2 protein chains.
Amino acid sequence: MLPKEEKLDPRVKRTRGLILRSFEDLLAEKGFESISVQDVTDKAEINRATFYAHFPDKYALLDYSISQMFMNEIEKRTLNVCSYSTDNLRNLILAVVEFISRLHSDCAQPHQQFEALTEGTIKNILFELLSHWLKQTGTKISTDIPATVATWAIYGLASHYSHLKKRPSPEKFVDEALPLVAVNLEQFA
Amino acid sequence: MLPKEEKLDPRVKRTRGLILRSFEDLLAEKGFESISVQDVTDKAEINRATFYAHFPDKYALLDYSISQMFMNEIEKRTLNVCSYSTDNLRNLILAVVEFISRLHSDCAQPHQQFEALTEGTIKNILFELLSHWLKQTGTKISTDIPATVATWAIYGLASHYSHLKKRPSPEKFVDEALPLVAVNLEQFA
DNA sequence: TATTCTAAACAACAGATGTTGCCTAATTTA
DNA sequence: TAAATTAGGCAACATCTGTTGTTTAGAATA
């Protein structure tokens, strides 16, 4: 995670903003694999070497971009300031389902590699959030295993949904999916 | 998936074998990201252009290699010729746990990107297998959603296990993990 | 304001990528 | 066995990568 945007040298803030904006624009135009660092820096009108002063490579940029977007989604729904309940879980699943669907429809070519790379970023945030929720309940049991299963199940369901040819509404889908995830978490409710 | 090895031009068979063997040797020596196509073809003693006649890029080679290895694991345990039961499920989880652990310990540097890339390949095979199992039971219900949840949960658990600093025996871990996966599949037993 | 610090520009590097066209050698087939 | 087919070797290409050393210009601090 990059340091908070607060007290950054304005040049850094500007450059990162330009990189991020250019990258997200390019993602809407063409596939991640075919975006070069050159492409990003051309569009951002910065030197290519400057890019490498900010990100190790384009994969790190993808990571950063996705985690920013997903965190926004979570914070917007205030899911980061609550604890486990069936209702919050439903909202969380809905958030992931909608986020991934949007991501895949906004990107020109969300191919396998792209999805594989974004997945880890999102799952890490999900796992931290679920662990946090479960710890709030003051349980004595280690929550690692149920949090892992829930994280992967939620992401898997959202990914599955986003690949369906004929999708029901997100709400309808989540109603069907919810019990399969909740069953292992209910002991913490 | 590449065509069956049966009636292939012997030159093709030989070349693919050389590529595959060289690649797997290299994986034991260094990280996937730092393996170049040049490295593979040097070790295989074939021309670099020849590589591209067989695989689009090194990612496709990784895919092919991993799916071959995983399929072998499944076939060795005859998990491809049975249907759903709690016992078969336990064996399947055990297979995945052991396969991923071995994969990560055999590879010199199983970094995040490597894991992200192998994940999809393995999950696809898992999903097909579980769907096959569930269809065998002659259920009327669509099995897509439970098969998805089970696939992701199993892979997630195996991945989690392979990252633990202090691991219990695979059998002990699977005993703890099994019920979390089985609960959603029991209606098909 | 003057000084210090440091981000970004620029140029150049060795190496890797994916692709091409031409040539040869192995294999399949008729 | 002879002819047709096709895999692989080879060389060259434009492009991208990650890195380095130097210079310039903007920001922070005294």
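Computed from a predicted structure; not experimentally measured. Protein chains get the first letters and strands the later ones, always in sequence-line order, with residue 1 at the start of each.
- B:F114 has its side chain within reach of B:L62: a pair of non-hydrogen atoms, C-beta onward, lies under 4.5 Å apart.
- For the OP1/OP2 pair of D:dG18 and a distance below 4.0 Å, the side-chain nitrogens and oxygens of A:Y52 include at least one atom meeting the criterion.
- Here D:dG18 presents its P atom at 6 Å from CG of A:D57, a figure rounded to the nearest Å.
- Partners of B:R77 according to the side chain to side chain donor-acceptor pair (under 3.5 Å) rule, which considers only residues two or more places apart in sequence or in another chain, are B:E73, B:E98.
- On the nucleic acid side, DNA chain C contacts chain B at distances under 4.0 Å to non-hydrogen atoms, with the end points of that region at C:dA16 to C:dT28.
- Ring pair B:F32/B:Y59: centre-to-centre distance below 6.0 Å.
- A salt bridge links B:K43 with B:E29; the closest basic N to acidic carboxylate O contact falls under 4.0 Å.
- A salt bridge links B:D39 with B:K30: at least one charged nitrogen is closer than 4.0 Å to a carboxylate oxygen.
- Counting non-hydrogen atoms of neighbouring residues, nucleotides and ligands closer than 6.0 angstrom, the CZ atom of A:R102 exceeds 12 such neighbours.
- Listed by first then second residue, pairs satisfying salt bridge (charged side-chain N to carboxylate O under 4.0 Å, His left out) with a partner in residues 152-168 of chain B number zero, not counting sequence neighbours.
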Within the sub-3.5 Å range, which N or O atoms of nucleotides 8-10 of chain D have a protein N or O partner, and how far apart are they?
residue, atom, partner, partner atom, Å
D:dG8, OP1, B:R11, O, 2.9
D:dG8, OP1, B:T15, OG1, 2.2
D:dG8, OP2, B:H54, NE2, 2.6
D:dG9, OP2, B:N47, N, 2.8
D:dG9, OP2, B:T50, OG1, 2.7

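- Residues B:F51 and B:P10 each lie close to DNA chain C; by heavy-atom proximity, the contact nearer the 5' end of the strand is made by B:F51.
- Over its length, the helix from C:dA14-D:dT17 to C:dA30-D:dT1 turns its helix axis by 20°, as judged from the five terminal pairs at each end, rounded to 10°.
- Residue pairs meeting the salt bridge (charged side-chain N to carboxylate O under 4.0 Å, His left out) criterion with at least one member in residues 123-141 of chain B, sequence neighbours excluded, are A:E119-B:K123, B:E119-B:K123.
- The local environment of NZ in B:K172 is sparse, with at most 12 non-hydrogen atoms from other residues, nucleotides or ligands closer than 6.0 Å.
- Ionic pairing of B:D87 and B:R90 is present here: one or more N-O contacts between side-chain nitrogen and carboxylate oxygen are shorter than 4.0 angstrom.
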